[in-house]
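By convention in this document, chain letters (A, B, ...) are assigned in the order of the sequence lines, proteins followed by strands, and residues within each chain are numbered from 1.
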Amino acid sequence: MPEGPELHLASLYVNKMCNGVVFTGAVRKSEVSKNPDVPFICEAYRITATSRGKEVRLTLTPMKSDDPKQRVKTGQADQPMDIVFRFGMSGYFRLTTEDELPKHAHLCFFSKETPCRVLSFVDVRRFGSWQPSGVWQPGRGPCIMFEYKSFRENVLSHLSDRAFDRPICEVLLNQKYFNGIGNYLRAEILFRLNIPPFVPARNVLEGLESEDFCDKEKPVKNDTNTKTSFITEESGDLLRLCHTVPLEVVNLGGKGYDPEKADYSEFEAWLQCYYVDGMKSIRDHNGRTMWFKGDPGPMAPKDSKSPKAKKRAKKEDDHDYTDEKKVSRSHSESTTKKTVTKQEIVTKTPKKGKDARPKEAKSKRQRENTRDVKTPQLGKKSMARRRKSSSAEPTAAGPQRRSGRVTRQNDK
DNA sequence: CGTCCACGTCTAC
DNA sequence: TAGACCTGGACGG
């Protein structure tokens, strides 16, 4: 769940599900979690949430009690407590019954009902974190979705920062300036404007107005800076898209997050570039996979290895946005065929030479393999990603809608 | 069964 | 700029 939209959807989920629910007792942490205990005990309290960029803050508010003395005597809270969460790669909130507690639930809040229910912070990989009596992490910039004006000013007033010496795709992951942007959003945003991902960030940003005139009538910027303008009348400039594209995900229908839905087809259909067949991908200088189309730009890693175009999918009940079932992605349909026609370069899969695999996405592993930008492998596997059922039909046929990745018809 | 990959930070060398 | 930190799904053999 973890980019700005998912964190915000998580806060909406908490507010919706916990509305009217009274929680009680102590907050319990799993044995395995290395995060801090939450020293909050209260006979009756409520839980609300808010999000900012890639963080969510839960507020535990004690309900008024008729007997303050009793409360003090038992060490119970009488003041609200904020807990600030970061979701890592796999965090999310769930409200369930006690016996349906998700595996990997690491922090639990119990309701006062008889068959009690539990609001839990679930995090399979445990990269997530929380801070009791916490505050928004210092150093993270304004929220790209809900503090747009200050987000924009923060970026434009610090363009001399050396952080902007880097390629735009890497700067977009810098939470000091782009709090809420993550790996799929940077790909979708740059794709919309056709900006090569490895172009120096400052070159792309300098020249943008401090004020966002898009709201106003068409400003039609003077042609003073026509050279760099990756600005389109309808979509606006890069900073505006850092605001609007995430909001599109929030407005997809709330599915993005609600685990109950377990249907991410809408989200998948929304993706135009990230993990989409036909798009290219290379690892950036931090080992993260950058998805894009066309020219990678001058600062592209020279040795980039091409991550293989694999597949992924999850099981139905999973809540990740990566899965889905029906896939229907239309846009570039042609890739299949065009790749076939001229592709050849393609990157071969990085073979592994020796052992030692680095870590997450770190690039070090690279063995020799190819350095080219990867292009999707042809029909053979890239499209077949996960779905084994349908044989990869070669060109032919129908509507070429490349299923984007992961398609899963029903698995049986 | 082993390899590769994943929506993100953190912190040592 | 590397590793570390983790679990698990999809594949390949």
Side-chain angles (χ1 to χ4, degrees), chain A residues 1-10 30 32-35 53-55 84-92 102-104 106 122-131 137 139-140 166 170 172-176 178-188 246 249 256-257 264 267-268 270-271 274-275 281 283-291 301 303 305-323 349-367 369 374 377 380-382 384-389 405-408 411:
Chain A
M1 336 276 36
E3 292 185 31
E6 289 74 29
L7 278 279
H8 182 62
L9 288 166
S30 72
V32 67
S33 175
K34 291 172 182 167
N35 279 304
K54 252 182 259 184
E55 296 184 304
V84 174
F85 292 79
R86 258 161 262 134
F87 284 14
M89 295 286 264
S90 56
Y92 64 98
K103 187 179 178 187
H104 304 299
H106 297 298
V122 186
D123 184 11
V124 176
R125 298 183 66 182
R126 273 181 273 146
F127 289 173
S129 62
W130 64 76
Q131 270 307 137
Q137 187 172 244
R140 296 189 79 103
R166 326 224 62 202
E170 293 173 16
L172 286 176
L173 292 186
N174 184 339
Q175 304 299 297
K176 178 176 178 184
F178 296 89
N179 188 8
I181 299 297
N183 208 26
Y184 79 71
L185 284 171
R186 69 171 178 172
E188 295 300 312
V249 177
Y257 188 78
Y264 288 82
F267 174 79
E268 223 231 333
W270 174 84
L271 292 173
Y274 182 77
Y275 234 115
S281 71
R283 297 210 198 265
D284 66 19
H285 296 291
N286 297 309
R288 298 269 257 152
T289 302
M290 178 65 218
W291 288 85
D303 57 326
K305 45 224 72 331
S306 52
K308 45 205 62 271
K310 274 337 203 199
K311 59 279 332 346
R312 64 161 17 6
K314 323 195 109 210
K315 52 183 43 291
E316 49 198 59
D317 70 80
D318 211 336
H319 60 279
D320 272 352
Y321 48 67
T322 49
D323 47 348
T349 61
K351 214 76 247 56
K352 75 286 270 47
K354 21 256 328 352
D355 34 335
R357 62 123 60 350
K359 57 232 12 343
E360 192 70 6
K362 259 39 202 199
S363 52
K364 56 199 21 25
R365 78 224 323 21
Q366 55 214 67
R367 25 290 329 339
N369 45 314
K374 125 222 194 236
Q377 334 241 42
K380 67 171 43 323
K381 5 200 75 235
S382 81
R385 295 170 161 355
R386 102 147 308 50
R387 66 142 28 55
K388 37 201 51 259
S389 57
R405 43 168 352 113
V406 186
T407 311
R408 148 182 299 338
D411 29 337

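- In this structure, the side chains of A/Leu185 and A/Pro5 come closer than 4.5 Å at one or more pairs of heavy atoms.
- Between the CG atom of A/Asn35 and the P atom of B/dC10 there is a distance of 10 Å, rounded to whole Å.
- Here the P atom of nucleotide B/dG8 and the OH atom of A/Tyr92 are 17 Å apart, to the nearest Å.
- Side-chain N/O atoms of A/Gln175 include one lying less than 4.0 angstrom from OP1 or OP2 on B/dT9.
- Rounded to whole Å, atom P of C/dT7 lies 11 Å from atom CG of A/Asp123.
- Taking the side chain as every heavy atom from C-beta outward, A/Gln137 and A/Glu55 approach each other to under 4.5 Å.
- For A/Pro2, the listed nucleotide lying nearest its side chain is B/dG8; candidates were B/dC5, B/dG8, C/dC5.
- In this entry the distance linking CG of A/Asn174 with P of B/dC10 reads 13 Å, nearest Å.
- Nucleotides C/dG9 and B/dT9 are separated by 23 Å at their C1' atoms, to the nearest Å.
- The aromatic ring of A/Phe127 is not stacked on the base of B/dT9, since the criterion of ring centres less than 5.5 Å apart with planes inclined by under 30° is not met.
- For the pair A/Lys176 NZ and B/dG8 C1', the interatomic distance rounds to 19 Å; values are reported in whole Å.
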(request) Could you summarise the pairing of DNA chain B as dot-bracket text, marking Watson-Crick and G-U pairs under 3.5 Å with ( ) or [ ] inside the strand and | across strands? (result) ||||||.|||||.

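- Residue A/Arg86 contributes atom CZ, which lies 10 Å from atom P of B/dT11 at whole-angstrom precision.
- Annotation: side chain of A/Tyr184 is in contact with side chain of A/Glu3 (closest heavy-atom distance under 4.5 Å).
- In this structure, the nucleotide among B/dC10, C/dG8, C/dT1 sitting nearest to the side chain of A/Ser129 is B/dC10.
- A salt bridge between A/Arg86 and A/Asp123 is absent, with no side-chain N of the basic residue lying under 4.0 Å from a carboxylate O of the acidic one.
- Side-chain N or O atoms of A/Asn35 include one that pairs as donor or acceptor with a backbone N or O of A/Gly128 at under 3.5 Å.
- Judged by distance alone, the side chain of A/Glu170 and the main-chain N or O of A/Asp284 form no donor-acceptor pair under 3.5 Å.
- The same atom, P, is picked in B/dC1 and in C/dC6; the two are 23 Å apart, to the nearest Å.
- The residue A/Arg186 sits apart from the nucleic acid: no heavy atom pair falls under 4.0 Å.
- The base of C/dC6 lies close enough to the side chain of A/Arg125 for a donor and an acceptor atom to sit less than 3.5 Å apart.
- A/His104 has a side-chain polar atom (N or O) that falls below the 4.0 Å cut-off from OP1 or OP2 of C/dG8.
- Atom CZ of residue A/Arg126 and atom NE2 of residue A/His106 lie 5.5 Å apart, to the nearest 0.5 angstrom.
- Between A/Lys103 and the phosphate of C/dG8, there is a side-chain N or O to OP1/OP2 separation shorter than 4.0 Å.
- Contact annotation for A/Gln137: backbone-only contact, meaning every heavy-atom pair under 4.0 Å involves sugar-phosphate atoms and none involves a base.
- When the side-chain nitrogen and oxygen atoms of A/Arg283 are compared with OP1 and OP2 of B/dA6, one or more of them lie within a distance under 4.0 Å.
- Taking the side chain of A/Thr289 as heavy atoms from C-beta on, and the options B/dA6, B/dG8, C/dT7, the nearest nucleotide is B/dA6.
- Ring centers of A/Phe85 and A/Tyr92: at least 6.0 Å apart, outside the cut-off.
- Closest to the side chain of A/Lys34, out of C/dC6, B/dT9, C/dT1, is C/dC6.
- Counted by atom type alone, A/Thr289 and A/Arg283 present one or more donor-acceptor pairs between their side chains at under 3.5 Å.
- Atoms CD (A/Glu3) and C1' (B/dT9) sit 13 Å apart, rounded to a whole Å.
- Using atom P as the reference point in both B/dC13 and C/dC5, the two lie 12 Å apart (nearest Å).
- The CD-P distance, from A/Glu170 to C/dA2, rounds to 11 Å in whole Å.
- Considering only side-chain N and O atoms, A/Arg288 lies nowhere under 4.0 angstrom from the phosphate OP1 or OP2 of B/dA6.
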